[in-house]
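Contents: one structure, followed by commentary.
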Amino acid sequence: DAKTTQPPSMDCAEGRAANLPCNHSTISGNEYVYWYRQIHSQGPQYIIHGLKNNETNEMASLIITEDRKSSTLILPHATLRDTAVYYCIVRVSTGGFKTIFGAGTRLFVKA
Amino acid sequence: NAGVTQTPKFRVLKTGQSMTLLCAQDMNHEYMYWYRQDPGMGLRLIHYSVGEGTTAKGEVPDGYNVSRLKKQNFLLGLESAAPSQTSVYFCASSPWRGIGNEQFFGPGTRLTVL
């Protein structure tokens with residue numbers, strides 16, 4: 001399974017877009033990119049996933065580069081409640097047991 | 001729907017004691033998982049199950065046993081607790097749809113072993 005690289009921390013001003021990058025240069029053709037977040041002491045929360053097309057839902061947008069070696073999670077209007085650790089995970093869609101949570105990116109949204 | 005629930009929320013054990021953590025889901029999901037999370041680290045998979053009556057080892061299975069007698073429940077057992085098992089334990093479940101299959105997590109159980 002491909003591994004991912006994320007910056008350890010990022011800051012964002014409230015109301016601005018938060019752009020969280022993820023590198024996954026060894027991703028395989030059948031592997032998806034998943035994003036989860038973990039708000040302090042809570043269980044991780046699923047955000048979005050994609051294979052090669054850009055995806056959008058009510059929480060965020062996922063932009064995957066054409067070569068699929070990197071992606072960006074976009075929170076369009078960050079709020080204080082978006083302060084959390086964000087995990088980028090690469091795995092096949094059927095392999096929930098292959099979900100590897102790394103250290104993630106700690107996003108601080110500031111007023 | 002309650003989603004994924006975990007019992008208990010907190011527990012303190014002495015070294016050598018045993019206990020069972022209960023995970024329940026009401027979403028009719030096929031897959032269930034147990035993770036542990038140590039301070040400042042990501043989650044690590046302990047055991048998982050792809051269906052009723054089946055279990056498999058994850059990344060860090062030593063010292064733990066699991067059972068899935070009913071589809072909606074996944075039990076994690078510690079036979080002889082050790083201080084190294086002090087951690088926050090998360091249960092998760094996911095459906096089988098062919099694609100996607102995102103995981104849904106419970107609120108966690110905070111375990112301290114003295």
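Just so it is clear, the structure is predicted and the values come from calculations on it, not from any experiment. Chain naming here is simple, since letters A, B, ... match the order of the sequence lines and numbering starts at 1 in each.
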Taking all non-hydrogen atoms of both residues into account, name the closest pair between A:Tyr87 and B:Leu43 and its distance. OH-CD1, 4.4 Å
Quick check: is A:Met59 connected to A:Ile74 through a chain of hydrophobic side chains (ILVMFWY, heavy atoms under 4.5 Å apart)? no
Measuring only between side-chain heavy atoms, which start at C-beta, is B:Tyr33 closer than 4.5 Å to A:Thr99? no
So disulfide bond (SG atoms under 2.5 Å apart) across residues 32-78 of chain B, not counting sequence neighbours, yields none
With hydrophobic residues grouped by side-chain heavy-atom distances under 4.5 Å, do B:Leu75 and B:Val4 end up in a single group? no
For chain A, which residues from residues 104-114 of chain B have at least one heavy atom closer than 4.5 Å to it? B:Phe105, B:Gly106, B:Pro107, B:Arg110
Kindly list each side-chain donor-acceptor pair under 3.5 angstrom involving residues 76-84 of chain B, sequence neighbours excluded, with atom names and distances?
{"residue": "B:Glu79", "atom": "OE2", "partner": "B:Asn65", "partner atom": "ND2", "Å": "3.3"}

Are A:Leu73 and A:Val109 joined in one hydrophobic group, where the rule is that I, L, V, M, F, W and Y side chains link up if heavy atoms are under 4.5 Å apart? yes
Residues pairing under side chain to side chain donor-acceptor pair (under 3.5 Å) where one sits in residues 13-25 of chain B, two or more places apart or in two chains, turn out to be none
In terms of heavy-atom proximity below 4.5 Å to chain A, should B:Leu45 be classed as side chain, backbone, both, or neither? side chain
Under a 4.5 Å side-chain heavy-atom rule over Ile, Leu, Val, Met, Phe, Trp and Tyr, are B:Tyr31 and B:Tyr35 clustered together? yes
B:Gln103/A:Tyr34 under side chain to side chain contact (heavy atoms under 4.5 Å, CB included): CA gap, chis, key distance, verdict: CA-CA 10 Å; B:Gln103 293 170 294; A:Tyr34 291 78; over 6 Å; no
Applying a strict under-4.5 Å side-chain criterion to I, L, V, M, F, W and Y, I'd like to know whether B:Phe74 and B:Val88 cluster together. no
Honestly, the part of B:Gln37 sitting under 4.5 Å from a heavy atom of chain A is side chain
